[in-house]
**Q** 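Below is a structure I'd like to ask you about.
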Amino acid sequence: MDFLEGLNPQQAEAVRHRDGPLLILAGAGSGKTRVITHRIAHLICSQGVAPWSILAVTFTNKAAQEMRERVLKLLEGRLFSDGPTVCTFHSFCVRLLRRFGGPLAALRPGFSTSFAIYDDDDQMALIKAIYRDLGIDDKALSSRAVLAMISRAKCAKQGPEEWKAKASDPASKKIAEIYDQYEARLRAANALDFDDLLLESVRLLQHDQDLRNSWNERLTHLMIDEYQDTNANQYELMRLLAGKQGNVCVVGDEDQSIYSWRGADIRNILDFQKDFPNATVIRLEQNYRSTKSILAAASGVVANNTNRLGKKLWTAGAEGDPVVIYEAVDSDAEAFFIADMVEKLIHDDSRNRIAILYRTNFQSRAIEEALRRHGRKYKVVGGVSFYQRAEIKDLLCYLRLVVDPADNLALLRIINTPARGIGKTTVETLEQIALAHKISLWAAIQQALEQQELGPRARAALTAFRDLIVELRQASHQKRVDELLETIYERTGYKLMLEQDHTEEGETREANVAELLRAASEAADQGESAVEFLDHAALVSDADQVDETAQVSLLTMHNAKGLEFPIVFVAGMEEGLFPHKRSLDSPAMLEEERRLCYVAMTRAQKQLFLTWARSRRKFGGSPPEPSIPSRFLREVPPHTARKLGGVSSSAEIDLLGERFEVRHTVRKNLYTGKTYNSVENVANFFKERNIPVNLRPPDAGQARPQPQPPPPAEAKQPAAAPAEAKGPKKKSKLSQGAEVTHPNYGRGSIVRVEGEGPDAKVTVLFPGYGLKKLIAKYAGLAD
DNA sequence: TGATTCTACGGTCTC
DNA sequence: CGTAGAATCA
């Protein structure tokens, strides 16, 4: 098979490149996955490189799996006992440490290859425990912030000692103390956090020359995807693994670097040519994904950044529809617009896959609600992930404890779940014993029982708990993971606890456990041990659960990295939200926000909507806060975009009503409620009934030449007074075409009146809210 | 000790 | 609005 077939010249050059460092600057949608997979196949089949000497590192497990499948497909017919390794940095490190990590004990006292992995929940629990013991108040010193600082220190390979040395003010001394404790407890529990996985792998390879040599001999070709988002430890790891041969091929796009806050260093890609002076550089600039409009819009935005290597993306594709910029009155109206448009687009073509992207997770709620009104199914990526659910974590903590009794955090989590009479005081006693003798909590239990320091009740409870764990421990030697988990589920009383909970919540929790058991049995079928299963669970990411067949997906822009969708909405394009307020005073962070915007926009293949709301409420009851459009909207070149909504929001109804015919889809789903909340439904409502639509805005409606310009945006705000001195105001208080103000919906125009007097039913169009049918005497309308 | 209610508080992005 | 931790009661 010819692996160069169908590639453009630059892609082919990258695939053909055999030895020496290679930097591939791959613009969005330029087919880099194709290049990587073809290069792997080409190296193996045409250049005689042994499959096992190739390592490709991707950003997510999902990307790794996809890449593996694609390579396998290319290699069809050729079987290899030990194929190329494709995985993420983190999973590579876990495997490395589990198999070859023994010598690390010399550098890290207490380390053994059966270490536990602490995820961010565990890390937080650990910090909280330290706060308790040191008597620190979370309000005085945010634990989240401290955890972030510790993580950053680790990325920069700075231990507690270094931190302590340069700490001058009391606050950073305190942090040094927490950091110190944090490290000590991780070691005592033989646990590694995510940063440690990378850090300790680096230290291991630096320390153990034999190990390094053997890897250098084995790995002749190294490839790293999403190189712009690697951090210092990953960089170090790459250098150690690449060895002297330096056959390292990195693929990335400096315009898509969006993870500096978690330690990614954009300089890694900007300086690659300095680090490897003999590097070949190939630019992939042909985009195969998006229309000309979308590409031009996105390029126009990112062109405002200064820190770039620079490339010019182009496409042979169609011009396509202009990007739509939609201005909504408030966040609910924004959500309604999106939901309605989703209906229309799916009605137009049921194969349309749609993504709704946002900066922060809380934005999903309003959009979810709007979608639900249409009965539209959607998939949210992220949020509370499966493995974070309480019942799942509990059972996995039992498993962790069975695998490694020193795992204090796991023990603390489940020692009294389900409740078995081991209360706070008992646990505190255990903690004191553990602290005094520098032993694990598990060991402290044994000791407490021997020394008879406890009351009879606690004693009995503790004995039962110990026997339970010992029993499970013995079972673990003979059973598969799934059987073991099942035993845990039953013997710990967890099953009973859930069965007795007859609420809906209890039932979903049971279903979740069933799902976990199913996953475990799948893992066991593939020969995974309990430890491997736990590793797997610890390293799944939100992005791994993206379902690409889902019709409507909701996800953060960060999670959308590497994905593509025919239609994309980017919601919440407002200053302070996107770009996020925490980046406003730093030019570097602003540039990262802009890159994030570029990433979001370039996910779209055919059509792109950017929406923003003039006011947004942070949570339920709080008053809406006014907002101004994101600077990124201004940066979209005007000729690539079309504006909808805003001041002319009722004019746009005509526009949409004419252009789109949605009625079937919408009717089916929507005509159940009393309100008709959306732009298209408004038009629809009238079409259905053949009622003449008078939706022109009152101002523009007076077609007479008007001296003054259209009112500024503020004039449309609820509080604003209606335009005075306009014709038959008094008499037509409740007549068609008149304007009224509603306490909740603000200003609107009457489109229909049924009946008279206080009992009259009035149908009013509120820009941004759509049609509302109101009873005059209850509605509190004012003119 | 355990279960329930109450209150205060808060919100980037994530392997 | 949702949650975590405190306060309270059985």
Side-chain angles (χ1 to χ4, degrees), chain A residues 57-64 87-94 117-121 123-125 128 131-132 137-139 142-145 147-148 151 154-155 192-199 226 229-231 233-234 257-264 357-366 368-369 381-385 387-388 390 416-427 455 457-458 461 497 501 535 537-544 555-561 572 576-584 589 592-593 595-597 599-600 616-622:
Chain A
V57 183
T58 60
F59 199 68
T60 64
N61 296 300
K62 187 161 171 292
C87 61
T88 66
F89 268 116
H90 286 89
S91 54
F92 177 82
C93 289
V94 169
I117 301 170
Y118 277 13
D119 66 16
D120 25 331
D121 282 352
Q123 294 178 44
M124 193 48 101
K128 290 254 165 80
Y131 269 47
R132 229 183 30 237
D137 186 5
D138 199 285
K139 270 166 245 151
S142 150
S143 49
R144 282 198 76 79
L147 199 52
S151 174
K154 284 192 174 189
C155 284
L192 302 181
D193 66 18
F194 285 133
D195 295 317
D196 287 333
L197 294 176
L198 301 170
L199 190 58
E226 306 285 7
D229 279 323
T230 50
N231 66 26
N233 286 321
Q234 288 164 332
S257 167
I258 55 175
Y259 278 105
S260 74
W261 48 272
R262 101 181 180 205
L357 311 183
Y358 36 79
R359 179 66 229 273
T360 63
N361 275 309
F362 84 94
Q363 288 171 261
S364 75
R365 196 183 307 150
E368 286 183 64
E369 264 168 41
V381 179
V384 212
S385 78
Y387 287 99
Q388 316 270 38
N416 202 32
T417 325
R420 50 171 71 89
I422 304 176
K424 212 168 66 186
T425 39
T426 312
V427 172
R457 238 168 106 180
M497 180 178 77
D501 181 355
D535 286 349
L539 294 179
V540 289
S541 67
D542 286 342
D544 294 334
L555 60 166
T556 62
M557 302 183 206
H558 283 91
N559 270 331
K561 176 170 166 170
L577 184 57
F578 186 44
H580 195 270
K581 57 176 174 297
R582 290 165 83 135
S583 59
L584 291 181
M589 287 165 87
E592 177 149 319
E593 295 282 302
R595 290 192 293 268
L596 185 57
C597 186
V599 168
R616 182 178 297 277
R617 57 177 96 229
K618 287 219 179 83
F619 26 70
S622 68

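Note: hydrogens, waters and symmetry copies are ignored here, and every other heavy atom, side chains too, is used. This is a predicted model, so every value here is computed, not measured. Letters A, B, ... are given to chains in the order of the sequence lines, protein chains preceding strands, and every chain is numbered from 1.
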**Q** As a quick check of understanding, evaluate side-chain contact (heavy atoms from CB on, under 4.5 Å) for T360(A) and F578(A), giving each step before the final call.
**A** CA-CA 9 Å; T360(A) 63; F578(A) 186 44; over 6 Å; no

**Q** Taking any heavy-atom pair under 4.0 Å as a contact, classify N559(A): base, sugar-phosphate, or nothing.
**A** sugar-phosphate

**Q** Classify the nucleic acid contact of N61(A) as base, sugar-phosphate or nothing, counting any heavy atom under 4.0 Å across all strands shown.
**A** nothing

**Q** Could you tell me the separation between the CZ atom of F194(A) and the C1' atom of dC15(B), rounded to a whole number of Å?
**A** 6 Å

**Q** Measure the NE2-CG distance between H558(A) and N361(A) for me, rounded to the nearest 0.5 Å.
**A** 11.0 Å

**Q** I need the Y118(A) OH to L197(A) CG distance, nearest 0.5 Å.
**A** 13.0 Å

**Q** With a centroid cutoff of 5.5 Å and a plane-angle limit of 30°, would you call F89(A) stacked on dC15(B)?
**A** no

**Q** Rounding to an integer number of Å, can you tell me how far L555(A) CG sits from dT14(B) C1'?
**A** 14 Å

**Q** Output the distance between atom CD (Q363(A)) and atom CG (L357(A)), rounded to the nearest 0.5 Å.
**A** 10.5 Å

**Q** Measure the spacing between CG of D195(A) and CG of N231(A) and express it to the nearest 0.5 Å.
**A** 7.5 Å

**Q** With a 4.0 Å limit, can you tell me whether S541(A) has a side-chain N or O closer than that to the phosphate oxygens OP1/OP2 of dC15(B)?
**A** yes

**Q** Students often get this wrong, so: under 4.0 angstrom with heavy atoms, is D195(A) touching a base, only sugar-phosphate, or nothing?
**A** nothing

**Q** So which nucleotide from dC13(B), dC15(B), dT1(B) ends up closest to the side chain of R457(A)?
**A** dT1(B)

**Q** Base, sugar-phosphate or nothing for T88(A)? Non-hydrogen atoms, less than 4.0 Å.
**A** nothing

**Q** Mapping H90(A) and Q363(A) onto DNA chain B by nearest heavy atom, which one lands closer to the 5' end?
**A** Q363(A)

**Q** Could you give the CG-to-C1' distance, from D229(A) to dC13(B), as a whole number of Å?
**A** 11 Å

**Q** I'd like to know if R595(A) pairs up with E592(A) as an ion pair, taking the criterion as any Lys NZ or Arg NE/NH1/NH2 lying under 4.0 Å from an Asp or Glu carboxylate oxygen.
**A** yes

**Q** Look at the side chain of A543(A) and decide which nucleotide, out of dT14(B), dC15(B), dT1(B), has an atom nearest to it.
**A** dC15(B)

**Q** How about S541(A) and D544(A): does a side-chain donor come under 3.5 Å of a side-chain acceptor?
**A** yes

**Q** Is K128(A) touching bases, backbone alone, or none of the nucleic acid, heavy atoms closer than 4.0 Å?
**A** sugar-phosphate

**Q** With a cut-off of less than 4.0 Å, is there a side-chain N or O of T60(A) near OP1 or OP2 of dC15(B)?
**A** no

**Q** dC15(B) P sits how many Å from K561(A) NZ, rounded?
**A** 11 Å

**Q** Expressed as a whole number of angstroms, how long is the span from K618(A):NZ to dG10(B):C1'?
**A** 10 Å

**Q** From F194(A) CZ over to C155(A) SG, what is the distance, rounded to the nearest 0.5 angstrom?
**A** 12.5 Å

**Q** Under 4.0 Å, heavy atoms only, any strand: does S583(A) hit a base, just the sugar-phosphate, or nothing?
**A** nothing

**Q** Measure from the side chain of W261(A), starting at C-beta and using heavy atoms only, and say which of dT1(B), dC15(B), dT14(B) lies closest.
**A** dT14(B)

**Q** Expressed in angstrom and rounded to an integer, what is the separation of F59(A) atom CZ from dC15(B) atom C1'?
**A** 7 Å

**Q** Chain A on DNA chain C: first and last contacting nucleotide, 5' to 3', under 4.0 Å to a heavy atom?
**A** dC1(C) to dG5(C)

**Q** Which listed nucleotide (dT14(B), dT1(B), dG2(B)) is nearest to the side chain of R262(A)?
**A** dT14(B)

**Q** For dT14(B), take OP1 and OP2 only and decide whether either is under 4.0 Å from a side-chain N or O of N361(A).
**A** yes

**Q** Provide, to the nearest angstrom, the distance between the CD1 atom belonging to I117(A) and the C1' atom belonging to dC15(B).
**A** 11 Å

**Q** Only counting residues at least two apart or in another chain, list the ones meeting side-chain hydrogen bond (donor to acceptor under 3.5 Å, both in side chains) with T88(A).
**A** S91(A)

**Q** Using the C1' atom in both, what is the distance from dA4(C) to dC13(B), to the nearest Å?
**A** 23 Å

**Q** Classify the nucleic acid contact of D119(A) as base, sugar-phosphate or nothing, counting any heavy atom under 4.0 Å across all strands shown.
**A** nothing

**Q** Figure out the CG/C1' separation between D535(A) and dC15(B), and round it to whole Å.
**A** 14 Å

**Q** Start at the 5' end of DNA chain B and walk down; is the nucleotide closest to D544(A) or to G421(A) reached first?
**A** G421(A)

